[in-house]
Amino acid sequence: MIEQVAAQLMEAHVGQVTLNEPMKNHTTWKIGGPADLFVVPDSLENLKKTMEIIRKAQLTWKVIGRGSNMLVLDHGIRGAVIKLGEAFEELRVEDERIRVGAGYSFIKLAVQVGRMGLTGMEFAGGIPGSVGGAIYMNAGALGSDVSKILEEAVILWENGEIERITGSEMEFSYRTSILQKRQGIVLEGVFSLRKGDRKEIAKLMAEHKERRMLTQPLQEPSAGSVFRNPPGDHAGRLIEACGLKGYRIGNAKVSERHANFIVNLGNATAKDVLQLIQFIQKEVYQRFQVELKTEVLVVGEA
Ligand SMILES: Cc1cc2nc3c(=O)[nH]c(=O)nc-3n(C[C@H](O)[C@H](O)[C@H](O)COP(=O)(O)OP(=O)(O)OC[C@H]3O[C@@H](n4cnc5c(N)ncnc54)[C@H](O)[C@@H]3O)c2cc1C
């Protein structure tokens, strides 16, 4: 079945098509078993074709960006994984509006618009991942997030329909959006920024970067904050107060630099990380009666 779908996609020349692609090559944690079928369509037309073939075959599917917020389990992902590659990295500047493809790097975008003297995206200077992933997650930092700047998103829904929807229709709230309820693929985002002072923007971004370098384990593979902050508190504070910095299961370890980060010491399995997540949840609950919920998305089969 999967082989047949792969053959159809190859015959249709949709782009890169791979069977049993190790997902650890596509996640920042460098963890994850194989995806049955991995497709990188090389144009919008070919993405549409890909989705049509997948729909007809009734195959389950998942889109990924740069895998910076995902724990892919050790037995990998059944069905198809679609990655938006270079074909979805177009950037157009229309005065204070930025129209950008979903595959574009969110950090690179923040740096580039800052250099153009546009303000509003300084918060994004340290958020790895793609524009599509940032919209899906309503990614944010430093009191701002995607919801504050997104004017509109272009989405390819599961039924094949392409729709432009406004920022207010995205149902954004803390690290969530409508896309977490209704499956679709972000093709493009339109961000509304303001003219600012180039030097001020650069200074602010340099300060944020320095702070991240001091407080986050950026040299080790991770997926950023593992847990959502509970209302009025910080997951990292609670974990640290339980004395868990440095706690290790297998090759997964609570970072000594930032207690809400779990780092891969080398060849950690998703099982190591999941066990560590569950251990942290249990300890924090016992001590503070707070149920920590994961911000990272756990996908695939254990
Ligand atoms: C060192 C580090 C620091 C981080 N700091 C922050 C931070 O300060 N703030 C913050 O919010 N996050 C942070 N993160 C987490 C992560 O970078 C963000 O959540 C990011 O927005 C995820 O983007 P991605 O492209 O990697 O998404 P992925 O991890 O690939 O996917 C995440 C979800 O988005 C969906 N998705 C991806 N692309 C699309 C698309 N085109 N259309 C529809 N759905 C899509 C996927 O299906 C998946 O469900 C950090 C991560 C790391 C490693």
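Both backbone and side-chain heavy atoms feed into the values below; hydrogens, waters and symmetry mates do not. Whatever order the structure lists them in is the order used to number ligands and atoms, beginning at 1.
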Tyr104 side chain to Gln112 side chain, donor-acceptor N/O pair below 3.5 angstrom:
yes
Is it possible for you to check whether Arg175 lies under 6.0 Å from the centre of the six-membered ring of Tyr136, through NZ or CZ, and within 45° of that ring's axis?
no
At less than 3.5 Å, what protein N or O atoms come close to the N or O atoms of ligand 1? Include the distances to 0.1 Å.
from: ligand 1; atom 1: 5 (N); to: Arg212; atom 2: NH1; distance (Å): 3.4
from: ligand 1; atom 1: 8 (O); to: Arg212; atom 2: NH2; distance (Å): 2.7
from: ligand 1; atom 1: 9 (N); to: Gly140; atom 2: O; distance (Å): 2.7
from: ligand 1; atom 1: 11 (O); to: Gly140; atom 2: N; distance (Å): 3.0
from: ligand 1; atom 1: 11 (O); to: Gly140; atom 2: O; distance (Å): 3.4
from: ligand 1; atom 1: 11 (O); to: Arg175; atom 2: NE; distance (Å): 3.2
from: ligand 1; atom 1: 17 (O); to: Ser68; atom 2: OG; distance (Å): 2.8
from: ligand 1; atom 1: 17 (O); to: Pro128; atom 2: O; distance (Å): 2.6
from: ligand 1; atom 1: 21 (O); to: Ala134; atom 2: N; distance (Å): 3.4
from: ligand 1; atom 1: 25 (O); to: Arg66; atom 2: N; distance (Å): 3.0
from: ligand 1; atom 1: 25 (O); to: Ser130; atom 2: N; distance (Å): 2.8
from: ligand 1; atom 1: 25 (O); to: Ser130; atom 2: OG; distance (Å): 2.6
from: ligand 1; atom 1: 26 (O); to: Arg66; atom 2: N; distance (Å): 3.3
from: ligand 1; atom 1: 26 (O); to: Gly67; atom 2: N; distance (Å): 3.2
from: ligand 1; atom 1: 26 (O); to: Ser68; atom 2: N; distance (Å): 2.8
from: ligand 1; atom 1: 26 (O); to: Ser68; atom 2: OG; distance (Å): 2.6
from: ligand 1; atom 1: 29 (O); to: Ser68; atom 2: N; distance (Å): 3.1
from: ligand 1; atom 1: 29 (O); to: Asn69; atom 2: N; distance (Å): 2.9
from: ligand 1; atom 1: 30 (O); to: Gly65; atom 2: N; distance (Å): 2.7
from: ligand 1; atom 1: 30 (O); to: Arg66; atom 2: N; distance (Å): 3.4
from: ligand 1; atom 1: 30 (O); to: Gly67; atom 2: N; distance (Å): 2.8
from: ligand 1; atom 1: 38 (N); to: Gly133; atom 2: N; distance (Å): 3.4
from: ligand 1; atom 1: 41 (N); to: Val186; atom 2: O; distance (Å): 3.1
from: ligand 1; atom 1: 42 (N); to: Val186; atom 2: N; distance (Å): 2.8
from: ligand 1; atom 1: 47 (O); to: Lys62; atom 2: NZ; distance (Å): 3.3
from: ligand 1; atom 1: 47 (O); to: Val63; atom 2: O; distance (Å): 2.5
from: ligand 1; atom 1: 49 (O); to: Lys62; atom 2: NZ; distance (Å): 3.2
from: ligand 1; atom 1: 49 (O); to: Tyr136; atom 2: OH; distance (Å): 3.4

Exercise: do Asn251 and Arg248 side chains pair donor with acceptor under 3.5 Å
yes
Exercise: do Ser177 and Gln180 side chains pair donor with acceptor under 3.5 Å
no
For Val81, which fellow cluster members are found when Ile, Leu, Val, Met, Phe, Trp and Tyr are connected by side-chain heavy-atom distances below 4.5 angstrom, either directly or through intermediates?
Met23, Phe38, Val40, Ile64, Met70, Val72, Ile77, Val299
Okay, side chain of Gln289, backbone of Gln286: is any donor-acceptor separation there less than 3.5 Å?
yes
